Asker: 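Here's a structure for you.
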Amino acid sequence: PPEPPSAPADPAAPPPRALGPPPQGSAGAAPRAEARPSAACPEQEECSVSADTVLAPLRAALDACRATVQKQVCNDIGRRLTVLEDAWAQGKLSAPVRKRMSLLVQELQQQHWDAADEIHRSLMVDHVNEVSQWMVGVKRLIAETRQLPTGE
């Protein structure tokens, strides 16, 4: 009988595709951000971070910026946050991305701008395919929130 068109992988042959989605949990890759992961939910575990835990503070930060930031910029950030929300709701974000976004929001709330920026950068490097459509808005939000006058 003739062989099937695609025989099982020949060990000497290169893998059929070098690119693909990153493995869930990426256990071998340490997070680039020097963030302090909470003991309750280490990065490798499946985290049940709710979308609202991340999106509510981001939207609050956006609202705080509206008085001083151009309307067009705020609208763009808002659109990108909606893209993030949709991706989250549709289950398109991996556990490491959800976890790091949760950490990023915590740093933002504590006004640890450099730490939030570092988490943003690590997400762009490690998960660019997942975050590229909306992370620009988060980056701009970090920058604009950092510029807000403090309550002194």
Side-chain angles (χ1 to χ4, degrees), residues 9 14-152:
R17 277 193 333 209
L19 294 176
Q24 288 292 85
S26 58
R32 296 169 81 89
E34 305 299 313
R36 297 162 293 286
S38 67
C41 190
E43 177 127 6
Q44 275 112 345
E45 273 183 29
E46 176 64 31
C47 285
S48 58
V49 179
S50 79
D52 201 47
T53 305
V54 169
L55 284 155
L58 291 175
R59 293 205 186 277
L62 176 57
D63 288 342
C65 291
R66 287 196 188 275
T68 56
V69 180
Q70 289 179 358
K71 183 179 181 188
Q72 185 179 349
V73 171
C74 291
N75 290 345
D76 181 61
I77 293 171
R79 274 192 302 277
R80 291 176 189 277
L81 291 182
T82 301
V83 172
L84 164 59
E85 185 173 22
D86 292 347
W88 199 302
Q90 293 166 17
K92 292 181 179 176
L93 300 181
S94 64
V97 169
R98 294 192 311 266
K99 174 62 180 163
R100 286 198 220 171
M101 280 306 297
S102 171
L103 292 171
L104 187 151
V105 165
Q106 290 171 29
E107 299 294 2
L108 194 62
Q109 288 174 312
Q110 295 168 30
Q111 299 184 359
H112 297 158
W113 314 121
D114 293 338
D117 257 343
E118 185 57 38
I119 295 168
H120 146 265
R121 260 192 302 281
S122 77
L123 280 163
M124 285 300 288
V125 169
D126 298 342
H127 302 279
V128 67
N129 292 335
E130 264 181 275
V131 307
S132 60
Q133 290 188 347
W134 48 266
M135 187 54 83
V136 175
V138 173
K139 175 185 170 64
R140 185 69 187 263
L141 188 56
I142 294 168
E144 296 298 349
T145 307
R146 180 182 230 161
Q147 299 302 318
L148 288 176
T150 55
E152 291 175 7

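These numbers come from a predicted model, not from an experiment.
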Asker: Work out which heavy atom in Arg59 is nearest to a heavy atom in Gly78; give both atom names and the distance.
Answerer: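 Looks like NH1-O, 4.0 Å.
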Asker: Looking at every heavy atom in both Ala61 and Thr145, which two are closest together, and how far apart are they?
Answerer: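 Looking at all heavy atoms of both residues, the shortest contact is CB-OG1, 3.9 Å.
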Asker: Going by side chain to side chain donor-acceptor pair (under 3.5 Å), name the residues that satisfy it together with Asp114, two or more places apart in sequence or in a different chain.
Answerer: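 So Asp114 forms a side chain to side chain donor-acceptor pair (under 3.5 Å) with Arg146.
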Asker: With respect to Met101, which candidate in Leu123, Leu55, Leu93 satisfies the side-chain contact (heavy atoms from CB on, under 4.5 Å) definition?
Answerer: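 Only one option passes, and that is Leu123.
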Asker: Kindly indicate, with the supporting measurements, whether the criterion side-chain contact (heavy atoms from CB on, under 4.5 Å) is fulfilled by Leu62 and Leu58.
Answerer: CA-CA 6 Å; Leu62 176 57; Leu58 291 175; over 6 Å; no
Asker: Any heavy-atom pair between the side chains of His127 and Arg100 that's under 4.5 Å?
Answerer: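 In contact.
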Asker: Taking only residues two or more places apart in sequence, or in another chain, which ones meet Thr68 in a side-chain contact (heavy atoms from CB on, under 4.5 Å)?
Answerer: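 Result, side-chain contact (heavy atoms from CB on, under 4.5 Å) vs Thr68: Leu148.
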Asker: Under the side chain to side chain donor-acceptor pair (under 3.5 Å) rule, collect the residues that match up with Ser50, sequence neighbours excluded.
Answerer: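 With sequence neighbours excluded, Ser50 shows a side chain to side chain donor-acceptor pair (under 3.5 Å) to Thr53, given in chain and number order.
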Asker: Take Arg98 and Val54 through the side-chain contact (heavy atoms from CB on, under 4.5 Å) test and state the conclusion after the steps.
Answerer: CA-CA 8 Å; Arg98 294 192 311 266; Val54 169; over 6 Å; no
Asker: In residues 133-141, what donor-acceptor pairs under 3.5 Å come from side-chain atoms, sequence neighbours left out?
Answerer:
{"residue": "Trp134", "atom": "NE1", "partner": "Glu130", "partner atom": "O", "Å": "3.3"}
{"residue": "Arg140", "atom": "NE", "partner": "Glu144", "partner atom": "OE2", "Å": "2.9"}
{"residue": "Arg140", "atom": "NH2", "partner": "Glu144", "partner atom": "OE2", "Å": "3.1"}

Asker: Would a 4.5 Å heavy-atom cut-off, applied to side chains only, mark Gln106 and Ser102 as touching?
Answerer: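 Yes; the side chains approach each other to less than 4.5 Å.
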Asker: What is the distance from atom CH2 of Trp88 to atom CG of Asp52, rounded to the nearest 0.5 Å?
Answerer: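 Rounded to the nearest 0.5 Å, the CH2-CG separation comes out at 10.0 Å.
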Asker: For the CD atom on Gln109, are there more than 12 heavy atoms of other groups (residues, nucleotides or ligands in this structure) within a distance under 6.0 Å?
Answerer: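 Yes, the 6.0 Å shell around CD holds more than 12 heavy atoms from other groups.
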Asker: When rounded to the nearest 0.5 angstrom, what is the spacing between OG in Ser122 and CG in Asp117?
Answerer: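 If I round to the nearest 0.5 Å, the distance is 11.0 Å.
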Asker: Which residues pass the salt bridge (charged side-chain N to carboxylate O under 4.0 Å, His left out) test with Asp76, sequence neighbours left out?
Answerer: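 If we apply the salt bridge (charged side-chain N to carboxylate O under 4.0 Å, His left out) test to Asp76, skipping adjacent residues, the hits are Arg79, Arg80.
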Asker: Roughly how far, to the nearest 0.5 Å, is the CH2 atom of Trp113 from the CD atom of Gln147?
Answerer: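 Gln147 atom CD to Trp113 atom CH2 measures 9.5 Å (nearest 0.5 Å).
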Asker: Could I get the full list of salt bridge (charged side-chain N to carboxylate O under 4.0 Å, His left out) partners for Asp63, not counting sequence neighbours?
Answerer: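 If we apply the salt bridge (charged side-chain N to carboxylate O under 4.0 Å, His left out) test to Asp63, skipping adjacent residues, the hits are Arg66.
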Asker: Closest heavy-atom contact between Ile142 and Ala116?
Answerer: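 Closest approach of Ile142 to Ala116: CD1-O, 3.9 Å.
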